[in-house]
Amino acid sequence: MNTQICDPARHFAVRLPATPRGARRARLLAVERIAAWGLPTEGAALVVAELAANAVTHGRVPGRGFRVVLALGRGVLRIEVVDTRGDRSPGIRDADGCAETGRGLVLVAAIADRWGVDPGPAPCKAVWAELAVAGLADLRDLGFRDPAGADVNP
Ligand SMILES: Nc1ncnc2c1ncn2[C@@H]1O[C@H](COP(=O)(O)OP(=O)(O)OP(=O)(O)O)[C@@H](O)[C@H]1O
Ligand SMILES: [Mg+2]
């Protein structure tokens with residue numbers, strides 16, 4: 001793991017292996033950092049978890065890791081997850097109530113104020129989401145539960 005802190009008050013970046021364990025680590029490290037910035041972590045944790053899970057499944061290239069970048073500024077928390085499959089792009093799938101997958105980006109789009117994909121530098125792409133800091137607190141109002149099954153903001 002290669003951790004880089006440019007300005008600890010506002011910026012955090014970490015490179016992790018593209019494995020399920022790496023994805024879990026991404027969520028834990030992000031939560032730690034966001035909490036250290038004094039922000040609620042629930043919504044951002046879900047976003048990081050979904051984007052990291054995607055990076056290690058759909059964005060994985062054997063032998064290459066992925067990177068998580070957090071930046072806080074002007075009332076916005078920006079989350080970027082960079083993988084090395086620049087030739088494949090994420091997209092929200094058509095709704096299918098029975099499908100057991102295809103929900104990750106729907107969740108990201110519901111939590112984030114904006115999200116998108118930036119190409120490059122080759123062979124990379126960055127999938128990013130921005131959350132207004134003031135809007136992070138009340139996920140329970142949206143009816144979300146965290147992956148462990150507990151209500152968020154209990
Ligand atoms: N980082 C990525 N690189 C390439 N393709 C991606 C990436 N993230 C998502 N995708 C594509 O977008 C689709 C939708 O992603 P989404 O996270 O919504 O669903 P999923 O990963 O298939 O299922 P779930 O997240 O519910 O387990 C994926 O099936 C995949 O085809
Ligand atoms: Mg997914």
Side-chain angles (χ1 to χ4, degrees), residues 1-4 6 11-34 39-72 76-132 135-154:
M1 182 178 73
N2 175 12
T3 308
Q4 179 196 354
C6 301
H11 191 273
F12 172 80
V14 62
R15 181 180 299 281
L16 293 158
T19 61
R21 188 184 162 96
R24 280 195 300 276
R25 192 102 181 99
R27 182 182 190 276
L28 289 172
L29 290 170
V31 164
E32 198 176 276
R33 175 57 43 185
I34 292 163
L39 301 174
T41 57
E42 292 87 355
L46 286 169
V47 170
V48 172
E50 293 300 336
L51 297 186
N54 282 351
V56 308
T57 51
H58 314 298
R60 178 173 177 271
V61 173
R64 294 202 171 139
F66 72 105
R67 201 153 51 92
V68 178
V69 182
L70 305 175
L72 177 62
V76 172
L77 175 67
R78 182 177 169 98
I79 296 163
E80 267 185 28
V81 175
V82 180
D83 67 47
T84 50
R85 290 280 344 209
D87 58 329
R88 283 194 196 162
S89 211
I92 290 182
R93 291 206 219 140
D94 288 341
D96 173 352
C98 298
E100 290 185 3
T101 59
R103 295 170 190 272
L105 290 175
V106 173
L107 191 61
V108 170
I111 295 171
D113 294 281
R114 306 194 312 143
W115 76 277
V117 186
D118 287 347
C124 300
K125 70 172 178 295
V127 188
W128 57 267
E130 292 182 349
L131 288 73
L136 284 174
D138 261 326
L139 283 175
R140 191 170 46 191
D141 293 345
L142 297 172
F144 288 124
R145 299 170 70 84
D146 84 9
D151 280 330
V152 296
N153 295 334

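In listed order, ligands and their atoms are each counted from 1.
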Completion exercise
Pro17 and Val56 have their tightest heavy-atom pair at O-CG1, 4.4 Å
For ligand 1, which atoms sit closer than 4.0 Å to a heavy atom of [X]?
X: Gly91; answer: 12 (O), 13 (C), 14 (C)
X: Ser89; answer: 5 (N)
X: Thr101; answer: 23 (O), 26 (O)

Considering only protein heavy atoms, which is closest to [atom], and at what distance to one decimal place?
atom: atom 3 (N) of ligand 1; answer: Lys125 NZ, 2.9 Å
atom: atom 15 (O) of ligand 1; answer: Leu105 CD1, 3.5 Å
atom: atom 22 (O) of ligand 1; answer: Arg93 NH2, 2.6 Å

Problem - Non-hydrogen atom of Glu50 closer than 4.0 Å to ligand 1 - result: yes
I'd like to check whether [X] has a polar contact with ligand 1, where a contact means an N/O of the residue lying under 3.5 Å from an N/O of the ligand.
X: Arg103; value: yes
X: Val106; value: no
X: His58; value: yes

Validation row: [X], [Y] side chains within 4.5 angstrom (heavy atoms):
X: Lys125; Y: Asp83; value: yes
X: His11; Y: Val69; value: yes
X: Asp113; Y: Val76; value: no
X: Arg85; Y: Val61; value: yes
X: Arg114; Y: Trp128; value: yes
X: Arg64; Y: Pro123; value: yes

Practice task
Could you tell me whether Ala53 approaches ligand 1 through its side chain, its backbone, both or neither, with non-hydrogen atoms closer than 4.0 Å?
Solution key: neither
Exercise for the section: Mind checking whether Thr57 contacts ligand 1 via backbone (N, CA, C, O), side chain (CB onward), both or neither, at a 4.0 Å heavy-atom cut-off? Expected result: neither
Pick whichever of [options] has a heavy atom sitting closest to [atom].
atom: atom 23 (O) of ligand 1; options: Gly104, Pro90, Gly102, Ala109; result: Gly102
atom: atom 4 (C) of ligand 1; options: Arg88, Arg60, Arg85; result: Arg88
atom: atom 1 (N) of ligand 1; options: Val127, Val81, Asp83, Val82; result: Asp83

Exercise for the section: Starting at CG of Leu28, measure out to CG of Leu16 and round the result to the nearest 0.5 Å. Expected result: 10.0 Å
Exercise for the section: Only one of Leu107, Val81, Val127, Ile111 passes side-chain contact (heavy atoms from CB on, under 4.5 Å) with Glu50; say which it is. Expected result: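 So, applying the side-chain contact (heavy atoms from CB on, under 4.5 Å) to Glu50 and each of Leu107, Val81, Val127, Ile111, only Leu107 qualifies.
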Handout entry: Sidechain-backbone polar pair: Arg27 side chain, Ala49 backbone, donor-acceptor under 3.5 Å
Key = no
Practice task
Tell me whether Asn54 has at least one N, O or S atom under 2.8 Å from the Mg ion (ligand 2).
Solution key: yes
